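Keep in mind it's a predicted model, so treat the numbers as computed, not measured. All values below were derived from every heavy atom in this structure, side-chain atoms included, with hydrogens, water molecules and symmetry-related copies excluded.
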Amino acid sequence: MRLIAANWKMHKTVSETQEYISKFLKFVEHPESREILLCPPFTSLYVAGKLLEGTGVKLGAQNCFYEKEGAFTGEISLPMLKEIGCSYVIVGHSERRHIFGESDETINRKLVACLEEGIRPILCVGEKLEDREAGMTFKVVETQIRLALSGIEEHIDRIDIAYEPVWAIGTGVPATPEDAVAVHRFIKELIKDLNPKSEGKTRILYGGSVKPGNASEFMKHSEIEGLLVGGASLDPESFAKIVYSF
Ligand code: 13P
């Protein structure tokens, strides 16, 4: 089933979250026909979890730490997220990599921890503009995936991957569906190579300036098995239009 995920990033207080969810749920029908996922900031997860209970809309976090507990000031563990109803975690988002200096090794440890805890990670990968201009898109994406999945190849079927070209994030300039499809095909081949059994189980999502006006252009390609939406997910009606764009 295709997955349409909202990454709110650092937006919305608890009261704004409550308001959003009560509006958004009015648009939700046939939640069994597609997987719908909301990823609010940590402070809103608990209340969002309560409001989404029994609706079929899933809850995810935008980040996690890989240790279960301990002296890690400011971090949030997977058991904490699981208890409040998170079934997904976004791992290695471009903003984590480039603003907070998250390394491929850290991302790999987070994926290992997600698998141990039984939370499904969405691993984010994508090239910068200079990589694309240098013809390095496939190489960069391949390296990010190989390092992230190192040692856990046999569990790739329990992970989804979001292709988010850095130059398309928050810029209003999405990849063309054709360019996205080319990278998605490449990722599919790569993960088939890493683990033939994962075929058909790891979804490849596209993210980067997805809007209600362009979502269907992406979703008409079978290689695009979902979307990870930032800015356009902040308004419940706009996100609902994307959810029902196919
Ligand atoms: P935008 O949809 O705002 O470009 O953000 C994409 C993104 O980073 C989702 O994780």
Can you confirm whether [X] is buried at [atom1], in the sense that more than 12 heavy atoms of other residues, nucleotides or ligands lie under 6.0 Å from that atom?
X	atom1	answer
E83	CD	no
E105	CD	no
E199	CD	no
F42	CZ	yes
E75	CD	yes

Working note: V28 + T55, criterion side chain to side chain contact (heavy atoms under 4.5 Å, CB included); need CA distance, chi angles, decisive distance, verdict. CA-CA 9 Å; V28 173; T55 64; over 6 Å; no

Are [X] and [Y] close enough that some pair of their side-chain heavy atoms sits under 4.5 Å apart?
X	Y	result
P41	M10	no
E133	W167	no
F138	V141	no
L111	H155	no
L234	K9	no
T106	R109	no
I152	I159	yes
V89	K110	no

Minimum heavy-atom separation for [X] and [Y], please, with both atom names.
X	Y	answer
R158	G118	NH2-CA, 4.4 Å
P236	K23	CG-CB, 3.8 Å
I169	H93	CD1-CE1, 4.3 Å
G126	Q144	N-OE1, 2.8 Å
A168	P174	CB-CA, 4.1 Å
L45	G60	CD2-O, 3.4 Å

Could you check F239, Y20, F24 and say which one makes a ring-ring contact (aromatic ring centres under 6.0 Å, His included) with W8?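 That would be Y20.
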
Could you check whether any side-chain N or O of [X] sits under 3.5 Å from a backbone N or O of [Y], counting only pairs where one atom can act as donor and the other as acceptor?
X	Y	answer
S198	D157	no
S77	E69	no
T17	A48	no
Y244	E29	yes
E16	T13	yes
S238	A232	yes
E102	I107	no
S233	V229	yes
S150	L147	no
R96	Q62	no

Straight-line distance of [X] [atom1] to [Y] [atom2], nearest 0.5 Å:
X	Y	atom1	atom2	value
I191	F186	CD1	CZ	11.5 Å
Y206	H221	OH	NE2	12.0 Å
L227	M219	CG	CE	5.0 Å
R34	I4	CZ	CD1	7.5 Å
L81	L59	CG	CG	8.5 Å
L52	S87	CG	OG	10.0 Å

[Y] reachable from [X] in the ILVMFWY side-chain graph, under 4.5 Å edges:
X	Y	result
I187	V140	no
I224	V183	yes
I90	V57	no
L115	I122	no
L37	L205	yes

So does K68 pair up with E117, basic N to acidic O under 4.0 Å?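 A salt bridge links K68 with E117.
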
Side chains of Y163 and E127, donor plus acceptor under 3.5 Å: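 Yes, side-chain donor-acceptor contact under 3.5 Å.
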
Show me the pairs that pass salt bridge (Lys or Arg N to Asp or Glu O under 4.0 Å) and involve residues 183-193, at least two apart or across chains.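 Listed once each, the pairs are R185-E223, K188-E225, E189-K192.
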
